[in-house]
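In this text, all values refer to a predicted model and were calculated from it rather than measured experimentally. In what follows, residues are counted from 1 in the order of the sequence shown.
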Amino acid sequence: QVQLVESGGGLVRAGDSLRLSCAASGRTFTSYAMGWFRQAPGKEREFVASISASGATTYYVDSVKGRFTVSRDNAKNTVYLQMNSLRPEDTAVYYCAARRSRNSSILRRDYDYWGQGTQVTASS
């Protein structure tokens, strides 16, 4: 069992930056690929970014490429999402997810554990 706790969300102005953190419990973190998803009001939860267990491979949704960076520190059991140049359309609850595989995925159904989410609001 893996427990995930997100932090770092908040209210910022468009153009500002935030860094989200996701702390994972358990000794198998280094074997899990990790993903970030988001859900805006009235919309489906969508893929944002993912990173393989080793950190060597990352994927991003087109709308955040060049602005967001996913990374992980396996010694700290933590994955990060650095978000720069935030836009109002980035406003959503952001969720961290863990997959029982070394390879990451962009599909929500491939992830086995989820955090409770953290709110990110970018005002115009």
Practice problem: Kindly indicate, with the supporting measurements, whether the criterion ring-ring contact (aromatic ring centres under 6.0 Å, His included) is fulfilled by Tyr59 and Phe47. | Solution: CA-CA 10 Å; Tyr59 295 107; Phe47 169 79; 7.5 Å; no

Exercise. With rounding to the nearest 0.5 Å, note down the distance linking OG1 in Thr69 to CZ in Arg19.
Key: 11.5 Å

Practice problem: Can you see which heavy atom on Thr91 is nearest to which on Ala122, and at what distance? | Solution: OG1-N, 3.0 Å

Quiz item: Of Val70, Val48, Ile106, which meets side-chain contact (heavy atoms from CB on, under 4.5 Å) against Tyr60?
Solution: Val70

Practice problem: Mind running side-chain contact (heavy atoms from CB on, under 4.5 Å) on Ser31 and Arg102 for me, showing each step along the way? | Solution: CA-CA 6 Å; Ser31 300; Arg102 299 191 66 82; 4.2 Å; yes

Quiz item: Shortest non-hydrogen contact from Ala23 to Thr78?
Solution: CA-OG1, 4.2 Å

Self-check item: Atom CD of Gln3 with >12 non-hydrogen neighbours under 6.0 angstrom
Solution: no

Exercise. Give a yes or no on whether the backbone of Ala14 and the side-chain of Asp90 come within a donor-acceptor separation of less than 3.5 Å.
Key: no

Self-check item: Val12 versus Ser17, closest heavy-atom pair with distance
Solution: CG1-O, 4.3 Å

Quiz item: Does any N or O in the side chain of Asp112 come within less than 3.5 Å of the main-chain N or O of Arg100, such that one atom is a donor and the other an acceptor?
Solution: yes

Quiz item: Can you tell me how far the OH atom of Tyr32 sits from the OG atom of Ser101, to the nearest 0.5 Å?
Solution: 10.5 Å

Quiz item: Does a side-chain heavy-atom distance below 4.5 Å link Ser104 with Ile51?
Solution: no

Quiz item: What's the shortest heavy-atom distance between Ala24 and Val2, and which atoms?
Solution: CB-CG1, 4.3 Å

Quiz item: Atom CZ of Arg87 and atom OG of Ser63: how far apart are they, to the nearest 0.5 Å?
Solution: 7.5 Å

Exercise. Starting from the C-alpha separation in whole Å, work towards a yes-or-no answer on side-chain contact (heavy atoms from CB on, under 4.5 Å) for Phe68 and Leu86.
Key: CA-CA 9 Å; Phe68 290 11; Leu86 281 161; 3.9 Å; yes

Practice problem: Calculate, to the nearest 0.5 Å, the distance between atoms CZ and OG belonging to Arg13 and Ser124 respectively. | Solution: 11.0 Å

Quiz prompt | Salt bridge Asp62-Lys65, side-chain N to carboxylate O under 4.0 Å | solution = yes

Self-check item: Full working for side-chain contact (heavy atoms from CB on, under 4.5 Å) between Trp114 and Arg45
Solution: CA-CA 12 Å; Trp114 293 83; Arg45 191 172 300 188; 3.4 Å; yes

Practice problem: Please step through side-chain contact (heavy atoms from CB on, under 4.5 Å) for the pair Tyr80 and Arg72, ending with a clear verdict. | Solution: CA-CA 6 Å; Tyr80 304 98; Arg72 65 190 296 159; 5.9 Å; no

Quiz prompt | Partner of Tyr95 under side-chain contact (heavy atoms from CB on, under 4.5 Å), chosen from Gln116, Arg108, Arg38, Glu6 | solution = Glu6

Self-check item: Distance in Å, Leu4 CG paired with Phe29 CZ, rounded so as to fall on 0.5 Å steps
Solution: 8.5 Å

Quiz prompt | Path from Tyr113 to Leu107 over hydrophobic side-chain contacts below 4.5 Å | solution = yes

Quiz item: Any idea which heavy atoms bring Gly9 and Val120 closest together, and the distance?
Solution: CA-CG2, 4.1 Å

Quiz item: Minimum heavy-atom separation for Ala33 to Tyr111, with atom names?
Solution: O-CE2, 4.3 Å

Quiz item: In Å, rounded to the nearest 0.5 Å, how long is the span from CD of Gln82 to CZ of Arg67?
Solution: 12.0 Å

